[in-house]
Every structure is written in structure tokens, then in C-alpha cells.
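Positions are given from 1, in the same order as the sequence printed here. All ligand and atom numbering here is 1-based and tracks the order in the structure.
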Amino acid sequence: MPAPKSPPRTLYDKVFDDHVVYSGEGDTLLYIDRHLVHEVTSPQAFEALRNAGRQVRRTDCTLATVDHNIPTVSRKNFKNVSSFIGEADSRAQVVALEENVKEFGLTYFGMDDKRQGIVHIIGPEQGFTLPGTTVVCGDSHTSTHGAFGALAFGIGTSEVEHVLATQTLPQAKSKNMRISVDGKLAEGVGSKDIVLHIIGLIGTAGGTGCVIEFAGSAIRALSMEARMSICNMSIEGGARAGMIAPDDITFEYLKGRPLSPRDDEEWDKAEAYWRTLKTDAGAKYDVEVEIKAEDIIPTVTWGTSPQDTVPINGVVPNPESFPEDKRGNVVRSLEYMGLTPGTQMEEVKIDKGFLGSCTNGRIEDLRSAARVIIASEKNGGPNKVADGVYAMIVPGSGLVKQQAEAEGLDVIFKKAGFDWREAGCSMCLGMNPDQLKPQERCASTSNRNFEGRQGAGGRTHLMSPAMVAAACLTGRLTDVRKLMGTQIGEDGGLKITSYFDYLTPVTVSALPEHPTEVKPEGQTPVQAAAAASAGLPKLNIVKGIAAPFWQSNIDTDKIIPKQFLKTLLRTGLGSALFHPIRYDPATGEEDPEFVLNKEPFRNASILICKGPNFGCGSSREHAPWAILDFGIRVVMAPSFGDIFKTNCFKNGMLPLELPQADLDALYEDALSGQEITLDLENEQVIRPGDHPAIKFSIDPFRRHCLLNGLDDIGLTLQHKEDIEKFEERRTAVWPWLDGVGYAKKGQKVVAVPSGPTKKKMEW
Ligand SMILES: CC(C)[C@H](C(=O)O)[C@@H](O)C(=O)O
Ligand code: SF4
């Protein structure tokens, strides 16, 4: 009898299915092929591993680097991290990673290695990221790697620990969403414009609970780097991951990369498998979005959320044009951004320009910016950074920098007055000294325009690298097509087609002349958090004051901003919770109007948020740690950011999704200052007075874990044999995935301390 035909599957279904180690009553256990590690989200994970006497299971599948904290000034005089990094907390995190990679035997690209760079740049660059793999990192923009047809997603620190120890992660299946962009992009429009346009359309919660597959002729026509910029920002659309089916463009990019399949035989086997990684005809998507490429024009943001987009020829929006429940957010955003409704976007002046980040710090991004400078000069436009503007270019990795210098791009940038820096995250997040001052306005190629993201009080407008270059030259947000002499609309003008040719190097000879609770018994929440890695405190009844919040899209940068991510601990963050809105930025004093600064909410053990998408954005587990440290174990909202939600469960906290009407009622109860009771066992929220209780239901496995204080690693280790069996099959079916992280399977890398005498690992 012929085997029954399996139903048509999507790309996501296929990659997911190929990684199932175990599927039981609770979550499915997925094997993780590739783990990228950086200094911010790993110290507590290594510490927990050490305390539990555990090893890293697959040193050959783990790659570590430093990116967030490091200064981007010249490394000419670099001797070692201790003398080079001035800021103590940043230094401590980098030193901690150096010690951890040594102790656990991991491959590490340190500051004296030219392969160092932003995790999401170096993975693809090395061929560490491959089609059909599962890729994770303690970083939300891990979605970048989905451009290769990998299932790649950001995880919190507890999950980092889980992967280090077991090379697996419990995962629930997400929904399938397809965004198709069909047709031909207009001149001057690039992948960053596509993704900003998409997020403007679907909103920052549009992809919640989904894995997005980007499809359509306009996506297929993009280079790998352009595809990466799109998948990178899937997280800004709220999705768990973004994916693009691998094709000849993908294979071409991967050929000859240091960690790509090694010989012809292995390559052919891999390619044959990769070619099966596309959605079957007839496969069903839960959500479909269709976009016409012709509708997209260069796009910028006006507000403090990546969904606040507007075409460059548009105006600052009027709050009145938004639905009533959104107006409060819009008014606050405009006030923060210092913008008046009706102002032409092209009239908005900038103080700084930042070209870099994991979204746009690759060679094609630098080439596109260089071409704008060249074309502007050719067309009689400005060829120097405008007076009063400071503009920095930060390559995403040492190898991108090296390539750019080989092509002479640095010469073009420096002559035009741009500052040419060393690789790192830099002003994308400002964990290092590269920051905006209060009220400074920045044209930025990064991915988040949250309040204070690039520096307290700083104002960020997101856009493409070409648009940043244009803004830096004119001193204001500018339609780059004008500097390129591109025909815009009906009115003629010079067409410069080479602008689209990012793939080919800019040859120097072609340059113009001037190239220019009820708290767990006996334990405070702080102690509870500290105990998290050794088993979680049980959660059943939480009775207490609830703090009412009304805002939508409360992002994790707002819950705990970057300056507090430099800790090596999980505890002590309660006083910094909601720092940007809880304290006056000028005086550092408590804002008496902020809810947690008022009685009785200072003692809240529940948080109730009426607005959707609580905890969106970054994967920082510091957000739930800060909430827990403040004394809150239960957060109720209409919806949550995916990673935040998982991070809560990992810390024995309950992120409870409730219908809007119930939250509206609970919000009023909370405002009145009366106590509310969460009763997990009976799945109900007991309201004050004689209001009937609100019933809810959560995933039975999650509920079981919370009620019993079960720790995921312990549970996973019960499936040790399943993991071993999966690894045997993996070696047989996908041999190119073993032993490639510069180490053989099971082998520790002999790490040498950073320093000028260290022999660099060349490739
Ligand atoms: C530090 C890290 C947790 C964070 C992230 O997850 O995104 C950072 O990379 C960011 O961009 O905010
Ligand atoms: S988003 Fe910015 S801070 Fe986060 S990894 Fe990318 S470059 Fe680094």
C-alpha cells in the first residue's frame, strides 16, 4: 500500500518538523543547530551552568563574539579589553565572556580578531548560518538569519542556558503568515523601505504568534544582504521569526564561506536538501498579506515605534487622524520627537547620522551610501556632511570594514566628512559611548526608534542607508532620489541606474575627482529570581494590589533600558523598572504622576495593562527580572511580545492574556486600589466586591510547570536519549552540520587570551 501523502507544508513547517527531538503532551522539544552568543545576555546563563556543574553540549555549534558594549574608536593601540574599555560595567561584561568562552571551550571572535562583529553579521558571513537550520541567540534580531531559510529566533538568557546545556529548546508551533511583495521596486527604493512599509502596514503586533514567510517576485529579486535586512526586522513586526526560501542567490552567497559544507560531495548533498526547502503548492497560511512593490517609496519613521512610518514625501501626522484609543500614544510620541503635525518630513533637520547595525551594517549598505555621495556630487549636489551634523559609519564586522577599505569606500566617506569606525552595535543601542544627547535628532539605519534607545532623550528616525547618507549631506531628512538625479514621478530628470548596483564594488578609479503577590513562602521575589536556575518558585495564588497601565506596545527598552543591561546578575533591577517613564530624565527624581510612584501601587504584585503587545521588542530577560524584582509576578494584557512571554514563564511568572473587556474592568478595579486575586489552579481572576470572577485558560503544560515550579532544563534532560538519537540521525542525514564551529564535535576550542601577541585565526 502506498504511504499516505502528507499534507502540503510551508517552509516553516518543514524546518520545524525536521528538528523535532520529542513531542509530548507539553511543548515540542526542538534541536538547535546553531547558537550565537554575545556578552550582554550570556553571563547569567554561564553562571547558572557553572553552578549546576553542566558543560556546553555542542561547542562545535556555538559561536561567541562581543558587539554591544565595545567602543568603536580605532583599535590601533588595542592591547587588551581591560585597558581598552573605559566603562567599568561594559568592561566587566566583555571580560566575563572572555573568561566564559575559555572555561567552556567555545569559539570566540574577540576584539583583536578581524572576524569580530555584530552576531547577526558574522553568522552569515562565516557560513555558520545555513539553510534549513535552527539558529538561536540571546538577541531579538536573530530573525535576520531567516533570510537563508533557517528558522531563527531570539531567546532570553534562561533559554541561552537551556541551549548551552541541552542543544534543544521547548517550542510551541507558531502560526504561518505569508507576506508577498510582488512587482518591481521603483528606483531609489530598497529592502529597508520594503520592511518599514510592511511594519507601517501590519503594525508592531501584526506578526504576533506567527512566523512570517516573505515571498513574491520583489523579494526573490533581492540579494542575500537585502533579504537579511528584511528578516532582521520581522521582530519589529512582532513575529517569532521571518523566513525566505533558499534559492540560487542563497547558494551563491554561501559558496566558499569558511563554515559552509566543506567538499563537493558534502556541498551537493546539502544543496539537494536545501532545494526541498520551499513551501508546497496548496500549503495553507493562517494570515496572508499582499503588497505591490510599486506602492513603496523611500520610507522614514516619525514617532517612537517602528510602525510609525511615513513616505518621505509625507508630513508629520495629526493625532486626530488616528482612532481614539491610539491618540494618547501619538501625542506622547510627537511631544518626545519634538515634531508638529503637518510639518513636511523633508523639512525635519537632523543633528546626527548613524549608518550601521545588524539591519544595515553590511558591505552593500556601505556601497549604497557611497554611491549617494558620488552621485550627489556628480549632480551638483552637496558632497560633504552638512554643517553642524555629525555622521558616523560603523561597519557590522571587521571583515565588512576590511572589504570596504579594499574598495576605497572609507576614502569616500572620510573625504565627505563621515567618521569611519570599528565594528560593533554602536549607536543602534548606545550601550557603548556612541550615544545621542537629549533632544538630538538622528537619521539612523538601525531598527528601533524607541524613546531613549540611542541615548536618553535622543530622537531617532529610521530609514535606509542611502537615505541616511542623503540626510547627512543635506542636514535634513531628504528624498534620496533627488540627490541621485533619479526621475521622480512625471517631471523628468537624470536617471542613475548604477545606484541599484550595490552588489558590485565601487571601484576607486570610477570615483569623481572629490570622492568625497502572595510571595512564595519565606522568599522575596529577589530570592525567588536568584533561585530560578535551580528550580522555580511555585506559583498558584497571587493576591494583591494591581498597578494599572493603559499604554499600547510597551517595549522592553521602556521596561528596562540599555544602561541596566550591563549587570552580571539577575537581581537588583527593581529600582530601574520603567526607568524612562518612572524618573525625570533631567533630575533623576521620581515622577510623582507615574503609577508605580504612587500609593498603593508601590506595593503592586500584579500589573494590568489595557494596551496590547506588552513587552515587545528586545529579548532582554532583564525586563521580567526587573518586574519580578519590583515584586510583581503576574502581568495581564491583551497580548504580549513573544520572547517576553517565554521569558516570564522561564522565571516562574505568569503573562496572562485576557480579552479586552475583562482587562478594561480589571483596569478600573486596579485604579480603585483594591486587591485582586489570581487563582491559577482554578484558572480565575477574583475581582474585588461582588463582581463575578473572570475565568481564563492557559496552556496546560505551562500551568503545570508554574504550579509545580518545574524548571525546563530539568524536564528536557529527562529526554537525554531522544536527544542522542536525534544527533545520530542528524549526523547521518545532515553531516555538514557537525563539527563546524571551528571545533570538531565534542572538542573544546583551546582559547588563548586576547592580546597583541595572540595568533589571529585567519580564514
Ligand atoms: C541586548 C539584546 C538583548 C537586545 C535585543 O534582544 O534585541 C539588543 O540587541 C537590542 O537590539 O535591543
Ligand atoms: S539591534 Fe542593534 S543592538 Fe541589537 S543586535 Fe542589532 S545592532 Fe546590536
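Between K401 and E422 there is a salt bridge, since at least one side-chain N of the basic residue sits less than 4.0 Å from a carboxylate O of the acidic one. Using a cut-off of 4.0 Å between Lys/Arg side-chain N and Asp/Glu carboxylate O, D557 and K562 are scored as not salt-bridged.
Within the 4.0 Å heavy-atom criterion, the part of R453 lying near ligand 2 is the side chain and not the backbone. Here H68 has side-chain heavy atoms under 4.0 Å from ligand 2, and that is the only part of it that gets that close. By the criterion of a heavy-atom distance under 4.0 Å, the side chain of R448, and not its backbone, is placed next to ligand 1. The residue H120 has no part lying near ligand 1, judged by heavy-atom distances below 4.0 Å. Under 4.0 Å from ligand 1, the heavy atoms of T41 that appear belong solely to its side chain. Neither the backbone nor the side chain of T359 has any atom closer than 4.0 Å to an atom of ligand 2 (non-hydrogen atoms only).
The shortest distance between side-chain heavy atoms of M111 and I70 falls below 4.5 Å.
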Exercise. Start with the C-alpha gap between T133 and D33, add the side-chain angles, then the distance that decides, and say whether side-chain hydrogen bond (donor to acceptor under 3.5 Å, both in side chains) holds.
Key: CA-CA 6 Å; T133 52; D33 294 311; 4.9 Å; no
Determine, stepwise, if the pair R448 / H141 fulfils side chain to side chain contact (heavy atoms under 4.5 Å, CB included). CA-CA 11 Å; R448 289 182 176 147; H141 289 100; 3.3 Å; yes
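Within the 3.5 Å criterion, the main-chain N or O of I643 finds no donor-acceptor partner in the side chain of E159. Side chain of R91 to main chain of G86: a donor-acceptor pair is present (N/O by atom type, distance under 3.5 Å, no hydrogens or angles).
Heavy-atom proximity to atom 1 (C) of ligand 1, evaluated over E39, R620, H68, is greatest for H68.
The shell of residues lying under 4.0 angstrom from ligand 2, judged by heavy atoms, excludes M427. The closest approach between a heavy atom of N447 and any atom of ligand 2 is below 4.0 Å.
Of the protein's heavy atoms, C425 SG, 2.4 Å lies nearest to atom 8 (Fe) of ligand 2. The single protein non-hydrogen atom nearest to atom 2 (C) of ligand 1 is D139 OD2, 3.5 Å, given as residue, atom name and distance. In this structure, atom 2 (Fe) of ligand 2 lies nearest to the protein heavy atom C428 SG, 2.2 Å.
Heavy-atom proximity to D139, at under 4.0 Å, picks out these atoms of ligand 2: 5 (S). Each of the atoms 1 (S) of ligand 2 lies under 4.0 Å from some heavy atom of H141. Shown in contact with S618 at under 4.0 Å from a heavy atom are these atoms of ligand 1, numbered in order with element: 3 (C), 4 (C), 5 (C), 6 (O), 7 (O), 12 (O). Here is the list of ligand 2 atoms found below 4.0 Å of a heavy atom in L429: 3 (S). The contact set between ligand 1 and S140, taken as ligand atoms under 4.0 Å from a residue heavy atom, comprises 5 (C), 6 (O), 7 (O).
Between F564 and H622, the ring center distance fails the sub-6.0 Å criterion. For F354 and Y390, the distance between ring centers is not under 6.0 angstrom. Taking the six-membered ring for Trp and the full ring otherwise, F148 and Y253 have centroids separated by under 6.0 Å.
Note on C358: not counted as a metal contact of atom 8 (Fe) of ligand 2, no N/O/S atom lying under 2.8 Å.
Distance check, rounded to the nearest 0.5 Å: CG of N100 to CD of Q93 gives 11.0 Å. Here the straight-line distance linking atom CG of N232 with atom CG of N360 works out to 8.0 Å at 0.5 Å rounding.
Between R453 and ligand 1, at least one pair of N/O atoms sits closer than 3.5 Å. Remark: ligand 1 and S619 share an N or O pair separated by less than 3.5 Å (distance only, no angle test).
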